[in-house]
Every structure is written in C-alpha cells, then in structure tokens.
Amino acid sequence: MKINAFEEKIKKNLAAFGISLEQGLRLGVAVSGGADSVSLLSALVSILKPAGLPIFVINVNHNIRGEAESAGDSFFVRDLCGKLREQGAELYFTLEEIEKGQITGLSEKRGGGIEEAARYCRYQIFEDFIRENKLDYLCLAHNQNDNLETILMRFLQGAFTENYGIAPCRGKYIRPLLNVERTEIEEYLKAEGLAWRTDSTNFDDSYLRNNIRLNLIPLLDDKFEGWKTGLLKGLEKARLDGEIIEDFLEKRIELLDKKLLKSSSDSFEYSISASDFSKEAASVQIRFLSKMISLAGGESLGRIPFSFLKEVCAAVKSGNSLSKIYKNVYISFKNKALKVKKFTKIQTDFVFSAIIEEEGLYAFHFGELELEKNADSGFSLFFYDEGVKKLISGSVLLPLCVRSYLFDDKVLCADGEMKNVSDVFSSWHVPESERGKIPLIQQLSGENQRIICILGQVFGFDNWIVK
C-alpha cells in the first residue's frame, strides 16, 4: 500500500516522537468523528496496516449535546471502524459513554466550566483506556489551527508564557497532527472520499475558543499577513525559556513544599510563614499560592485571576492582614502566617449585603469600591482592579446596595428588555455554587430600584453595566 504526502507527514511525525513501526507497538487513537480525528485514523491505518500493527480506537460520548447528535457521532465512528476492518485493518473499537448530567454536576463542583469538566472526564477515561489496553501511546488529533487558537486564548487569559500552546508530546499522549493545517486535513479527506461529523457547538461563539476561531482569526488572516508564522516562532522561544523557568520553579517550590504545614488530614488547611514565603521571587510566590489554593480545593480550580493572586502576595509583603474568598477556598494572612483553607459549608450560604449612603471608599471581600460626587449632583462609581482605579459608572444616585445574587433578580438589557441575572451567569458559564459571590450593585433611589451593575470582573468576567 502506497501512502500519500499527508500520510508520509504523519509517519515522519511519529518517527520524530521516537516511535518505530516494530512488532509489539500498541498505538491508540481518540476519534470523535470530526475531520481531524477521522484523518488521523485513516492515516494511521495506512501507516500501520503494512507493518501488521493493531490500532486501538476510543470514542467518548460526553452526553452534553442532544442525544441524536452525540450518539450519532459515536455510531459514525463505530461504522467507520467497521469499514476499515473490512479493508483489512486490525482495529479494536471502544465506546465510553458518560452518564447524562455528570459533566454538568462535575462542572459545578470543580468551578471550571463545562468544557473543563468534559476534558477532565475524558482524560480520566483515556488513562483507563491506556492502562487496560497496555498502550505505548495514545494519539490525539489536535492540529496546527488548534494550537494557534490555544496560544491566543491563553495569551488573552493572561497565562504564564511557559503554559502557552499545546505540547506535541506529554507522557503517553502524542499529537501527530500538530504541525498540520486544517486545510491540509480537509483536502486529504476529500481526496480519500472520507466523510466526517461537525459538532454544532463549534459555532457558539460564547465559548472563548470558538470566539477566537470564528471572529479573531479571520480578522488576523485578513489584516496581518504572516501572523501564524510569527506566533509559532514566539511559542518556540517561549518553550525554550519555559524549560528554564519550570526547572527553577520546580526546585524552589519543592523547598517551599517542605515548609508547608497541613493542619489535619480532614480540614484541607495549609499554611506557611510569611518569612519563608517572602524570601521567594514574585513569580515563585504567585505560582506557589496558586498551588496552595488548588491543594485546599481538592482539585484543579481552573483559571485563578492574576489580580487576585497579586493582591494576596502584596498583603504578605506589606504585612497587612487580609481575608479573601476564591471559589470554595478561604485565604487569610494574619499573625505572620499565610493560610489557605477549604470551605466546609456549601457556597449557597455565602450571602452579603451592604448599603452605601455617602461618598467614600468602601472595602468588601471582593475588593474596594469608591463613590465620588460629580458636578451634576450625581456620583461616579469606581472599582479598584489590581490597585488601578477603574470607572464603572459616571452617573449613579445614592443610596446603593451592594449585595449577592437573589434567584428572581433581573437586569436591563441594551434593547430595553429585562433579563434574568441567572441567564447572564449561565452565559458566563458560572456554576450555581459560585453565583452568590459575584456582586450586584443596586440603585435604591427611584421606583424601580434597578440593578445597575453585575460586577463580573472580580471573577474574571466582563461587567454587565446598565447605561
């Protein structure tokens, strides 16, 4: 069987990973039914079949979309595998179906959104699949376009430079398509007469990755020639720097770990002295604090706002007492010790309310608000973000109520319609357990006493401001 240029490229990528096509090689591939994974499966069959090597295919039905679509993807992959077997491929197919509602429940528990919860479940399944089938490697179908999207997404999210991009190889996970463009994939599939499935959620630009793919990348393609090459070169340089950074951080954090105290096996409380913490460079402090929060939370908590981490570290440096809440974790600094502790009560118990009746600076658990009188007898409302004073509204009237969310709250939209605040939180993918901690600012003057702001930025979202 003669392999074409696309398949030859995949074969060279496998060789670059140190994979030789020798007897005994056990290679797996995750196939969703999309163009990327279908092209990868087809190429692997062409490469491995002449060598008499088996391929182990896994498809995961997350049960997030409608049953017809998600189950249809799985049936498509199963049928494709059957056709490839009929053509002489030694291929073994496994379908793993996640129970309906499990992803949503896990999303609320972990606080990282539906996509993060789905990825967590998927990789748990992959780990079992690798172990049960004694695989040497599991191939994943991320392509160059995915990598570019990830670089842009992590840059916009403020990630550390060593975390940009998708790794070509991580443990037993390899990505043979990572240097292959989406256009190459579709051209190969059309030439081979292969169909593929399209995920309907790919067109929902309320997800950051889709927003980048559908809106930002077309703009860059149109206005900035050569941006892809520049971005990938920048990623390569960041990776080289990242190796040095990670090696340094690993050694420093290992030293801090030895000084970390855990109060008991059940309380999930960690503490470290200010003197030990303050000796480290700011980059080490930020990363170590993030690790403490993740440890106390019991698992990954998703993206922790950089401004939040900086504020805690600044308090330790200055010696000022501090109490903060992040998701299901309580952070405090007093008596020369930094402590991070998991909440023992459910987050729906977290309720706050305060009335502001005059101008001045007001401190809350989420940060500081300031009211300043205007020349037109109204007030300007500011929020301090990373110590920077930012205007929320230049025309508010007192008194104001700063409070947590209530189930029946509604907010005015730009089109003049009222919208449930719960629907706003849903569009931001905020778990039910976290919604009570996002501040609402309500104007108490007038008949309607309307909500004038949902202060989403304290949790990394946009503010919803009523003009």
Does any N or O in the side chain of [X] come within less than 3.5 Å of the main-chain N or O of [Y], such that one atom is a donor and the other an acceptor?
{"X": "R435", "Y": "Y405", "answer": "no"}
{"X": "R26", "Y": "N133", "answer": "yes"}
{"X": "D136", "Y": "L27", "answer": "no"}
{"X": "N143", "Y": "N145", "answer": "yes"}
{"X": "N61", "Y": "S74", "answer": "no"}
{"X": "D205", "Y": "N211", "answer": "no"}
{"X": "S290", "Y": "I286", "answer": "no"}

Query raised in the report: Has R175 got its NZ or CZ under 6.0 Å from the middle of the six-membered ring of Y173, at an angle within 45 degrees of the ring axis?
Result: no
Report task. Answer yes or no for K390 and F383: cation-pi contact, defined as NZ/CZ to six-membered ring centre under 6.0 Å and angle to ring axis within 45°. Result -> no
Quick test of your reading of the model: are [X] and [Y] salt-bridged, counting only N-O distances below 4.0 Å?
{"X": "R197", "Y": "D73", "result": "yes"}
{"X": "K237", "Y": "D241", "result": "no"}
{"X": "K373", "Y": "E359", "result": "no"}
{"X": "E184", "Y": "K9", "result": "yes"}
{"X": "R182", "Y": "D36", "result": "yes"}

With rounding to the nearest 0.5 angstrom, report the [atom1] to [atom2] distance, [X] to [Y].
{"X": "Y270", "Y": "K291", "atom1": "OH", "atom2": "NZ", "result": "9.5 Å"}
{"X": "K11", "Y": "L14", "atom1": "NZ", "atom2": "CG", "result": "9.5 Å"}
{"X": "E69", "Y": "D199", "atom1": "CD", "atom2": "CG", "result": "5.5 Å"}
{"X": "I130", "Y": "L135", "atom1": "CD1", "atom2": "CG", "result": "6.0 Å"}
{"X": "I98", "Y": "R122", "atom1": "CD1", "atom2": "CZ", "result": "8.0 Å"}
{"X": "F425", "Y": "I438", "atom1": "CZ", "atom2": "CD1", "result": "4.5 Å"}

Are [X] and [Y] close enough that some pair of their side-chain heavy atoms sits under 4.5 Å apart?
{"X": "Q443", "Y": "L398", "result": "no"}
{"X": "L148", "Y": "K228", "result": "yes"}
{"X": "E96", "Y": "N59", "result": "no"}
{"X": "F248", "Y": "V284", "result": "yes"}
{"X": "E280", "Y": "R252", "result": "yes"}
{"X": "L25", "Y": "E22", "result": "no"}
{"X": "F203", "Y": "N210", "result": "no"}
{"X": "V402", "Y": "F366", "result": "yes"}

Query - Aromatic ring pairing Y92/F56, orientation class (parallel under 30°, perpendicular over 60°, tilted between) - result: parallel
Report task. Show the numbers, then the answer: is there a side-chain hydrogen bond (donor to acceptor under 3.5 Å, both in side chains) between N13 and N179? Result -> CA-CA 9 Å; N13 289 341; N179 63 344; 2.9 Å; yes
Got more than 12 heavy atoms from elsewhere within 6.0 Å of [atom1], [X]?
{"X": "F224", "atom1": "CZ", "value": "no"}
{"X": "E225", "atom1": "CD", "value": "no"}
{"X": "Y362", "atom1": "OH", "value": "yes"}
{"X": "K172", "atom1": "NZ", "value": "yes"}
{"X": "K389", "atom1": "NZ", "value": "yes"}

Please find the pair of heavy atoms, one from [X] and one from [Y], that lie closest to each other, and give the distance.
{"X": "I166", "Y": "L178", "answer": "O-CD2, 3.3 Å"}
{"X": "L260", "Y": "S271", "answer": "CD1-O, 3.5 Å"}
{"X": "P176", "Y": "I10", "answer": "O-CD1, 3.6 Å"}
{"X": "D221", "Y": "W227", "answer": "OD1-NE1, 2.8 Å"}
{"X": "A118", "Y": "I103", "answer": "CA-CD1, 3.7 Å"}
{"X": "I272", "Y": "F288", "answer": "CD1-CE2, 3.9 Å"}

Would you kindly say whether [X] and [Y] are connected by a side-chain donor-acceptor distance under 3.5 Å?
{"X": "D462", "Y": "Q457", "answer": "no"}
{"X": "R209", "Y": "T150", "answer": "yes"}
{"X": "Y384", "Y": "E370", "answer": "yes"}
{"X": "N420", "Y": "D409", "answer": "no"}
{"X": "N320", "Y": "S318", "answer": "yes"}
{"X": "K100", "Y": "N63", "answer": "no"}
{"X": "S273", "Y": "D276", "answer": "yes"}

Query - side-chain contact (heavy atoms from CB on, under 4.5 Å) between Q442 and R403, intermediate numbers included - result: CA-CA 8 Å; Q442 182 178 5; R403 62 174 176 83; 2.8 Å; yes
**Report entry** Pair C453-L440, side-chain contact (heavy atoms from CB on, under 4.5 Å): steps then yes or no
**Finding:** CA-CA 6 Å; C453 177; L440 306 184; over 6 Å; no
Query raised in the report: Ring centres of F126 and Y123 under 6.0 Å apart?
Result: yes
Query raised in the report: Taking it one step at a time, do F277 and C313 satisfy side-chain contact (heavy atoms from CB on, under 4.5 Å)?
Result: CA-CA 9 Å; F277 188 80; C313 292; 3.9 Å; yes
Requested in this report: List the steps, then state whether side-chain contact (heavy atoms from CB on, under 4.5 Å) holds for L95 with V60.
Outcome: CA-CA 6 Å; L95 168 62; V60 180; over 6 Å; no
